[in-house]
Each structure stands twice: as C-alpha cells, then as structure tokens.
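Just so you know, these numbers use all the heavy atoms, side chains as well, and skip hydrogens, waters and symmetry mates. In the text below, chain A, chain B and the rest are named by the order of the sequence lines, each starting its count at 1.
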Amino acid sequence: MPLDHEQLVAMYRALSGTRIAEQTITDLNKSGVLRGHHSGLGHEAVGVAVGMAVRPDDCVQMSHRSGMMLSHARGGYSLREAVLSQFGRAPSHYASLPGRPRTLTIVGLVGTWVPMSVGISMADRLRGKDTVTVTFFGDGAANEGAVHEAMNLAGARRLPMVFLIENNGMAVSMPTSEATAASDFAARAAGYGMPGVLVDGHDPVALHEVAEEAVARARRGQGPTLIEAKLIRWESHANGIADLRTPEEIEEAHRRDGVRQLRDALIGQGILSEADADAIDDAARAEVDAAVEEGRTAGFDMTVPPPMDAADAWRLTYAN
Amino acid sequence: MPLDHEQLVAMYRALSGTRIAEQTITDLNKSGVLRGHHSGLGHEAVGVAVGMAVRPDDCVQMSHRSGMMLSHARGGYSLREAVLSQFGRAPSHYASLPGRPRTLTIVGLVGTWVPMSVGISMADRLRGKDTVTVTFFGDGAANEGAVHEAMNLAGARRLPMVFLIENNGMAVSMPTSEATAASDFAARAAGYGMPGVLVDGHDPVALHEVAEEAVARARRGQGPTLIEAKLIRWESHANGIADLRTPEEIEEAHRRDGVRQLRDALIGQGILSEADADAIDDAARAEVDAAVEEGRTAGFDMTVPPPMDAADAWRLTYAN
Amino acid sequence: MGSTLYINAINRALHEEMARDNEVVAIGLDIGRQGGLFGVTRGLFERFGPSRVMDTPISEAGYMGAAIGMAMEGVRPVVEIQFADFVTVAFDQIVTVAAKMHYMTGGGKNVPIVVRLPYGVNVSGEGYMTGAGPHHSQSPEAWFCHCPGLKVVMPSSPADALGLLKAAIRDNDPVIYFEQKGLYYTLSGEVPEDGEDHIVPIGKAAVRREGTDATIVATGAMVGLSLAVAEKLAGEGVSVEVVDPRTLVPLDRETLVASVRKTGRVVVTHEASQTGGFGAEVAAVLADDAYASLRAPVKRVAARDMPVPAGLAARAALPGEARIEKAVRAVLGK
Amino acid sequence: MGSTLYINAINRALHEEMARDNEVVAIGLDIGRQGGLFGVTRGLFERFGPSRVMDTPISEAGYMGAAIGMAMEGVRPVVEIQFADFVTVAFDQIVTVAAKMHYMTGGGKNVPIVVRLPYGVNVSGEGYMTGAGPHHSQSPEAWFCHCPGLKVVMPSSPADALGLLKAAIRDNDPVIYFEQKGLYYTLSGEVPEDGEDHIVPIGKAAVRREGTDATIVATGAMVGLSLAVAEKLAGEGVSVEVVDPRTLVPLDRETLVASVRKTGRVVVTHEASQTGGFGAEVAAVLADDAYASLRAPVKRVAARDMPVPAGLAARAALPGEARIEKAVRAVLGK
Ligand SMILES: Cc1ncc(C[n+]2csc(CCOP(=O)(O)OP(=O)(O)O)c2C)c(N)n1
Ligand SMILES: Cc1ncc(C[n+]2csc(CCOP(=O)(O)OP(=O)(O)O)c2C)c(N)n1
Ligand SMILES: [Mg+2]
Ligand SMILES: [Mg+2]
C-alpha cells in the first residue's frame, strides 16, 4: 500500500530526526568528545523505511549502520535516548527491552550474527506465530560463509524472513566491486530459491514499498526475500579510519541524499510547506541538542568497577 | 572440439574399466571383504569426462565419488592400482605422485576442502603458469559456507578455475530438494559473477563438452565457471548405511546409465562393433579380477605399528 | 536397574526429554528418517515428527546458529554434529555467539542448547570404526573448556550418558556433550529402570573405584582402561583410586583434591593429545590446590601430539593401558 | 641498536622478509592501500604491489584456505586476521587443513603459512582501544596450543616481534603469531639496526630478569607487568626471575624447568582466561618435570573465566600487577 500523507510526514520526521542525531553523533566523534563510532550517515532511509514496514512483534536484527534509525522509526526509541546512549547514559538501540518493539542482538563478527536470526524465525514458527524476522547486514558481511548457510536454510525451510543487505559499496577499504564479481547481491537470491530485489537505498519511499511487500510475502507463508539496498555511506568506515575514496564518490552520496529528496518531494507535492518542514527539523535539533547537553554534563561512565572474583565472573557469564 | 572416434573409444574404455572396477570394489565392500567405501557407481561419466578435458599440469581436486575415475582417465592410474589401493597395497588415487597428473588432496570435512584449491590457482598465477584448477564437490558440500567464500573469491579474482558440483540428489539421507530451495546450483554462479552450466551428469559426451569449454575459458583468462552435473548415485551413501530411496529412484539411475548409453551409441554409429566393445569390457574385467586376487592374497595391511614416542610424533606431524 | 548400551542410554535420554518437554527439539544431519549416522536418534522422527526432529543441509554454522536463535526464544535444541571433528566449522557460532550471549545481554538472554559431539576412536580396537583417521577421530574437549560461558560434560558410562544428557537439556546454559563413539556399541552398563527420571548433576565428579595409594583422573573411554589398570595393580596389592570428573567445566575440584589429599599421587589421562589438553587443567588445579599433599610428580597420559592415525595405527598414538600402568608405577616410584 | 615501537618491529619484519624472498606474500582485510586497520602493513602495498599484498573479501575461511593452498605450492603467505577474535570463522581451515597436511600427505606437502593474530586488550589502560568488548579483546592462544601440527609464538617486545616473525615466515610449518595489539603504540624497545637480519629462534624461551626466590612465567603483555612486580619486590629484597616462553609450542621446557629448579616457586600468568589456558600447560609441565624442586603451590594469574568486558571494566577481569604480586607473595609464603 502506498504511504498516505500522514505516513509520509511521519517518515520525513523520522528521517530528519535521525539524520540530525546521527550528524551530531558523528561530529562529536570527529571532535574527540565521543570515541569509536561507525557513522550511519547516508543509511537513514533504509533504517526508517524498514522500521515503518514491520510490526512491533516482528523481530529485527539491526546492523551497525542503520540500527538507530530503525529503532527510532519503529517507535519507543527517542532521539534523546539515541544521543544519550552514546554517552553511556541510556540503553543502546540494540537492547531488547520490555514493551519495546522486538529486536535481536548482533555480535562483533559480521556475518556471524545472521544464522541466529534464522533460529528466531524457526522458534516463532514452532509457536505458531505469524511474525516475520528481518536481518540486516552489509555487502562485506554477505561474503561470509555463515550468511550463505543462513540464507540457504531460510530458503529451504521457506521461513518468513527478509534478508536486507545494506550495500554501501564498501567494507572498510574494500570496494564491493573488488570483493565480488557479482553484478549485484540480489542475484544471489536465486541460489537460495527466493526472490531478490534491488532497490535504491537512498529512496525511502521505494525502500518502504519493497520492504512492505517482502514482509507481507513472508507473512503470507511464501518464504523469504533478499533485498539489496544500494547506497553510499557519507563517512569513512569508522571514526579515526582514513577514507580512501575520491571526493567525487562522497559528493555523489550527498547528491542522492534521500532525506533531502523526500523533503523536496513533500514540499513539491504540497504535503508540507517549507515552514512545516523547518519546524520538524527544528524540533529534532532542539531534542538532540538538549540530549548532547545532558550527556556532556553527565560525562562518560568511566568508573572502574570493583574487583571481581570468580563467583562474580560466573554469575555474569552463566545463567545457572 | 567434438571428440574424434579414437577419443570416443578411449572414453568408452575408461568408462567401462572404471565401472567394472567400481562395481567390483562396491561388491567386495558389501560382502565384507573390504570395509567402508563410498561407492562411485553412477559417477563414472563425470570423472572420466573431466579427466579427459584437463592437462596433466592442471590441478584437480577430486571428490570421494568420482576421484578414481578421474585419476584413471587422466592417465597413470591403472585399474589394477585402483583395486589394490582398496587393499592398502597401492597409493590411493588422491595421492600426488611424481610423474603423475597433478592433483590436490581433499580432507575429511566436505566443503572445507574447497578453499585450498583457490590457493593453488592463486599460486599458479603468481608463478605465471597457464594452468587451470578444477575442484569437485557434492550438492551437500555446496551448502557449506567455505564453498561460498571460495567461489566468491575465485570470481572476484577472475581465477582460472572450474567448480564442479556432482549433484547426485542426495547428501547421505538428505534429498537435495530439501537441502535448498534453489532450482539448481548453477543458479548460484551469477552470485559470484561467473557462468553457471547445468549438464546431464550421466552423459559423458555432454560433460566433456562443457568441461572442455570451461577449462578453455579459464585458460583464456576469462575466469571461473561453475558446472553442475546432475546425476543419481546407484548405491547408498556408504557401505553399511541404509538407503532410504525408493526402488524407482534407483531404477531411474540405471536407466540413465551413461556407460551403457555410450556403448550403445558407439555401436549404433559403427565406431565399435559389439565384439570390440565386449573385448574392451573383458580386458578390464580381467585386469580387475587379477587385481582382486592379488589384493586378497596380500591381505590387509593390519600391522600395528611399533610404539611411537614424542620424537616420532613430531617428525610425522611437523616439517621442521 | 537393567543393562543397556551406551548408545541406547543417549537415545533414551533424548526420548524421555522430548516426551517430557515440548520445547526440546533435535537438529542435525541425517537425524530424522535415517536415525543418525550412528543410530543415536533412532525413533525420534517417527515419534515427534519433522517439526521437532529437524534434518538440515550440511551447514554446521548455519544450523548451530539457528539452534542458538531458537534457544534465545526459550526452545531447547539438542544439536548433533555428526562427528566431533566437524564442530570446527560451527566453532565460531558456539564460542562467539552461544558462549557470550548471557554476558552480552546482561543476563537478558540465555542459550539453553546442548551440542552433542560424537568424539574419539574405538580405543578397544574392536567394533565400529576402529579409527577413521585425522578428521573423524578427534577429542576436542579442551577447546571448549577454555571458553567461558560453556559447560562441558563427558560421560563414561551408560548411566552417566543418560543422566548427564538429561541434566544438560534442562540446563539454561550451552552445554557441550561429548559422547565417545567407540563406546556406542561396545560398552554396556546398569541404568535405572525405564520411567525413572535419572539425572546426573552437572559439576559433580564420580569416584569410580576407591583406593589409597594413587589416584587416576580419567575421562571418557579412559575410565574403563584406568579401572582395568587399577584392577591389575590390585593384584599386586596396590590400591588405586579412579576419579571421573564427568563434568569438565565447571570442574569438581573438591572431589579431585580430596582424592589426591588421600593418595598423594596422581596420574591424569585422556584420549585427546597431551599439550594443552584438559589434563593440563587438572594437573594445574592439583599443583595448586593439592600441592601440600603431592608426594610425586603429576603425570599425564594422553595421546601423542599428532593427528590421530587411521585404522589400528591409532593405537600407537593413543594412550593405552600399558602407558597408564607405567605412569601409575612411576608415581608410586616402582 | 635503536628503539622502535612494537608495531614498527612487526612492520619491519614484513618489509624485510618480503624484500628478501619473492615467495613471501601478505593477505588479509584492508592490508593494502589502507595499510591494515591498525597500520601494521603500512607501505607493503606501495612497495610490493597488489599481486603480493592482497586485500580480500570478508571471508576469513576462504582466504585462510586460499593461503593454505598457496603455501602447499611453496608460496609463503602471511595471513592477517583483523582481530584475533575473528579467527573463529577460519578456525576450521587452520586446524583441519593446515595443521594436519604434513601428516596426511606423509610429509609430501607442508604449509608454511604465518597467521598473524592481533589479540588482547590494552592492559595498561592507555592508548588505542582500551577494550572493545567480548568480540574484539580475546587471547585465544590456548586453542592453537592444543592442535598438533601448529607452532605458536607470542612476542612480548619489539625485538622479539621482529625476530620471531622473521623466523615464523622462514619456518616450514604453520605458525600462529600472536601480537598484543595494546602494545602496538605503547611499547617501544631496542631492536638491532636496520639491515641486521635479526632472527629469534622458534622454541627458545627468554629469561627477562634473573632472580633466585621465585619465578614468574609470563607471556605477551604480562611480561611487562611481571617485570614491574619483580622490580617492586626487589625493593623489599625479594629476587624474582621472569621467564617469557616466547614460543608456546614447542615449549622450551628446559629453560622453564631450570628456572624453577633454582627458585622452587612459580607463578604463571597470561592475559587469557584461566580455565584451560596456556598457563595450565606450563603448570602441568612444571608439576611433572620440576616436581622435586617445587617448594610451594603453582599459582596461576589469568583473566577471570568470563568474556572480556568492554571499556575500562576490562581491568576488573584481567590479571594486573596487583594480582601477580599477590600470587608471588603467596608462593613466597608472605
Ligand atoms: C568476521 C569479521 N571480520 C572482520 C570484521 C571487521 N569489520 C567490522 S565492520 C567491517 C566492514 C563490514 O562491511 P559491510 O558488511 O559492508 O558493512 P559496512 O561497515 O560497510 O556497513 C569489517 C571488515 C568483523 N567485525 N568481523
Ligand atoms: C563438514 C562435514 N559435515 C558432514 C560430513 C559427513 N558427510 C560425509 S559425506 C556427506 C554427504 C556429502 O554429500 P554431498 O556433498 O552431496 O556428496 P555425496 O556424498 O552425495 O557425493 C556427509 C554429510 C563431513 N564429512 N563434513
Ligand atoms: Mg559495506
Ligand atoms: Mg550428494
């Protein structure tokens, strides 16, 4: 179903807000106030669009790029929390919290995190639920064996899943074009007996449409879909790591910015006035700025915990 | 290039000989004289056809099904040795021996053996050789992550390789159709940017044609090819393991037997007379029977080696 | 009590636990209609159906990860890896995902999986698969013992195979369950009657034979060999205690230390290769906690540091009764 | 002699060996134009070009396997795994293929690869990446020490980092090379002048400080902490010897045993978690070979058995000077 005006405005609000929050977090890292961020600038559209296409009881495993945007768009995760979490003052967007939309953690090894999402889907099926599991990972991670095994397993069991490849054209310094000779990752779907859909990862409306269709298909019992969202990240891989790309490549990313495009479209179609849009942006900026102030004042949580003995270690590590 | 008459006769000789040897080895296992064989009955065509399509300095990593047939067709590995190796009285067809065509070992974990073949190809390229590396593995192994990584790496580096999937429709008891929703494995090739070719794995002439083309393409520097040979194994996974298939499935395998088909075709086309063909079969049978006699007389190599100390263990395990 | 084979005890545990709790599922290669390559899962598919007894493609990392995901939702998957050797391709999922989940989620999620690993060779040299060589005969328990977040058990008798598997399935942490595949059809022993809910608690060692002159700490198939050695030495008037940790992590230090306090002499034996093996941990624990009681060097008897040879040649690399006996004599100074 | 950073010593070894021998190649993630995530491979790509300095897709099993294949043809690949933690996805290739190839082929093939594993956390608590949490901070050396066919080295100084890497590259067996990434930019030390072909033989331990009252056996970053403890105790008139095995497999038992014969008291320390760690092997060796000289329990000081916490919290789990000192006092009975 095409988005109605209200939804489009909500989409813009989420895009604008998460862009402002992400830009702020990225800047705080560049200036040394925060440390060690994988900037999601340029990935807002995919996070927000997919977030709007799933139910709270669907399970989403988020990536290190668009997770914050997705959590925000699904509801229950404010921009304030997004900023404060960077200061160690609020749970991160990965946390599964009661009353919040259902999420699945990732782990520090890319690719490795994908198979467990297949298990979530299998468990839900065992319980007779009609939920869908969505798993995000990058173009780089897609070359890991575990991802292959997971997608094949989902296909073979016709699981209600969506595999979402955020193809930002790079894995740290490795251009996707050197990491695989495949013209696109969507082409891999046939090898697992599922449809593969290629979509412009900058375009939130197009993204929402394919995500909604894939989720619906899964919910109808027709099995998994592989969606490849092609986009360009604005920043280097992570704070402190040199970006080897040409300025032209990065300019291209800004030219295709989906946040601005949706803004222009909504204004062009008369859904929002310039002033409405500005008001949306300003509100987000105010929330973000206040959160930064709050975080800075609180300071980092750098306290060294008390000495730990074997019993503490056991309790933290084992359930029983 | 289509095979000339002489080559077709040679092909038939290799097919007939390896069939007879394999049938004999399979029977010896069933009767308990030998123990623990993965019968290659039904896989003769793919072994022989690919064996005839490569050069001695090309490197082939063989599977546990058609390896013997391939070694025999490449030359230097007689039926006598094939049989004697089962009695522990001759090197197995996996062994790389001086003066023999170049082979690469496999290991006991399916899938795991594939990445090293990529390294052989990379080493050959470093040395400026114009050789091709061919890697065999099964439909079951194809679902292992290491295979995905290896094929993608070969595609990305445009390596002179051929990946040959012996799809016999089963992995122990797991039907291929339940192990993947892909219509065929050849469809996976697009995901690695290489051509995928589906071929009747019973038809030695068709197999030779696609193998020769893929090898030529690799040698021309146009990169790897994935060949999927679809066929049916005659026997259960391994000696002593129950076969859960229906009799119809196994009958179908015999109906499509490529050895008999080539025999009939050569006789039909007047390339061989019935008597010529019989003579070929008889010669093979005589060689195989004599080898069985030789093997039986020699008996198994069951001697318990002398006690081993730490120094012996080191010497066997480490190069220096 | 009745006598049953080691393999049947494992099979019984699976049947009992799956019947008891709908959340217990089984997943692995050929565990369904085929009943498992070794026959461990016989009858489960027919009884509990394909939604709870799941055959999978050959994708150990994939199905291990899927089992972990299921477990995070409260399902209790028992994962079969066809040979313990093949766990290397699923290693990452176990040590990176399963072992650290409880910690990473601050206790919010736990991973109640059991990973069944048929390991080792047929030490007696008889029966099925005397030795299928380097990639089908390994005993990799030490890797898992050095991974916080995992529990590791290794039953040496049918009764323990039954009781430890049932305990492992009910445990809320990932448990790596080592079953010695050479014992499947060669070892039988007393088990409680059908219907009795026999649980062997995780973390409790067993004293298999009491003795006063020396202790052998033995795991898996080495327990039987050690008992034979003890029996033989008893004929010479030497009293050897045999202790079977049963659970490797968490280790029952108390029982081990108590034994060595009594005997003052100890030999540690396992089927895995020596360097960095589980026996090193036992020796290290005793060299610390039981130091004051030690009256001889701590000796280890383990496989040679080499790949496990194929066929009967495995005997040359593996620890056997002769080497265990020699070590006991050495610690006794005779 | 000049002073250089730990990271520069590793970089120098790579430059020297690649210049010396055309067969030496490097392969890994972002090791080319990026010069490595930590900067270890800087300048190699520019100097030796893309055919010898190979960036790969994120496929650790794939490129590890490819390196093994190259090595079987006589190429000498130095494989970088970006963080030691990620080796779990390539674990199978190392233990199943590389470690067993010499044995499996009856010596016909060998696998002269070096696997570089940046491990651990910044123990000093300063500089780069104090602790990036459970999946970016581990010290998994013990897994590799329990795999016949592999050699394992762990340099604790720039000179050893240089000399051991050069030795590893020239070795004909697979060598797992553990480099403590917290030391990259925090530790400098004397190294032989550029142009000097500095080799540290595999299998030789180093006595870092001589002493007579107690021995500390320490690896990696724990060597520095142990020396600090020794220095501190020297002020109290206690003479502590610090032995750094440098090579974990094959272990230089002689040097370790000789030290304990002299001091009679020993503490073993490493950064990895305690249970089943490399320290257990050292303790087990000493409890056997040096039993007669031991005058106190063998103490281990290692990380708690838990995932490595993120951030400065890592300090609570890791062994530090205070715990080492306490253990030394304990073995000294004071
Ligand atoms: C198994 C593994 N290998 C390497 C890394 C280091 N690493 C972290 S993110 C990253 C790049 C991932 O690329 P991609 O999947 O495309 O995601 P992106 O960062 O581009 O969004 C790498 C190599 C890792 N975390 N895990
Ligand atoms: C990693 C791994 N998992 C499981 C096995 C056990 N196993 C040996 S052969 C085989 C079936 C392989 O199927 P396929 O690749 O289709 O080859 P086929 O035997 O059918 O020729 C299995 C499961 C193994 N050797 N390695
Ligand atoms: Mg990317
Ligand atoms: Mg098959």
Side-chain angles (χ1 to χ4, degrees), chain A residues 35-36 64 88 92 105-115 137-149 170-182 236-238 240-245 300-318, chain D residues 28-39 45 50 54-63 65 81-83 85-90 92-93 125 128-138 273-275 303-318 320 322-323:
Chain A
R35 281 222 241 168
H64 55 294
S92 99
T105 188
I106 59 172
V107 296
L109 276 69
V110 303
T112 291
W113 75 59
V114 178
F137 51 92
D139 51 284
N143 295 323
E144 285 284 3
V147 173
H148 165 79
E149 298 186 11
M170 296 293 287
V172 189
S173 72
M174 184 68 160
T176 308
S177 55
E178 288 178 30
T180 184
S236 79
H237 172 69
I241 292 179
D243 198 331
L244 305 180
R245 294 176 299 174
F300 280 97
D301 186 5
M302 292 274 267
T303 43
V304 175
M308 203 179 279
D309 68 12
D312 299 323
W314 182 273
R315 192 177 32 74
L316 291 165
T317 308
Y318 291 91
Chain D
L29 301 183
D30 309 301
I31 65 165
R33 284 202 306 147
Q34 191 90 35
L37 203 60
F38 297 97
F45 181 82
M54 296 176 256
D55 275 337
T56 84
I58 311 182
S59 304
E60 282 84 356
Y63 73 78
I81 294 288
Q82 208 159 49
F83 284 73
D85 311 72
F86 308 162
V87 76
T88 49
V89 283
D92 173 54
Q93 290 292 323
Y128 181 71
M129 295 203 78
T130 298
H135 298 125
H136 290 78
S137 311
Q138 292 169 89
S273 56
Q274 175 163 313
T275 299
R304 297 285 173 211
D305 286 325
M306 65 183 296
V308 183
L312 286 178
R315 281 198 193 173
L318 290 182
R323 283 180 57 214

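In terms of heavy atoms, Ser173(A) sits closest to Gln34(D) at CB-OE1, 2.9 Å.
Looking at residues two or more places apart in sequence or on another chain, you find a ring-ring contact (aromatic ring centres under 6.0 Å, His included) between His237(A) and His38(A). Annotation: side chain to side chain donor-acceptor pair (under 3.5 Å) contacts of Thr112(A) (sequence neighbours excluded): Asp92(C).
Proximity to chain A (any heavy atom under 4.5 Å) is shown, for Asp30(D), by both the backbone and the side chain. Interface residue Leu316(A): only side-chain heavy atoms are found under 4.5 Å from chain D. Using a 4.5 Å cut-off between heavy atoms, Ser273(D) makes no contact with chain A at all. At a 4.5 Å heavy-atom cutoff, Ala142(A) makes no contact with chain D through either its backbone or its side chain. With a threshold of 4.5 angstrom between heavy atoms, Val147(A) does not approach chain D through any atom at all.
The aromatic rings of Trp314(A) and Tyr318(A) sit parallel, their planes meeting at an angle under 30°, below the 60° perpendicular limit.
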### Message
side-chain contact (heavy atoms from CB on, under 4.5 Å) for Leu29(D) and Ile58(D)? Distances and angles first, verdict last.
### Response
CA-CA 7 Å; Leu29(D) 301 183; Ile58(D) 311 182; 4.2 Å; yes
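Contact count against chain D (heavy-atom pairs under 4.5 Å) is highest for Leu109(A) among Val107(A), Asp139(A), Thr176(A), Leu109(A). Of the listed residues His135(D), Gln82(D), Arg323(D), the one with more heavy-atom pairs under 4.5 angstrom with chain A than any other is His135(D).
Side chains of Val87(D) and Glu60(D) form no contact here, defined as non-hydrogen atoms less than 4.5 Å apart.
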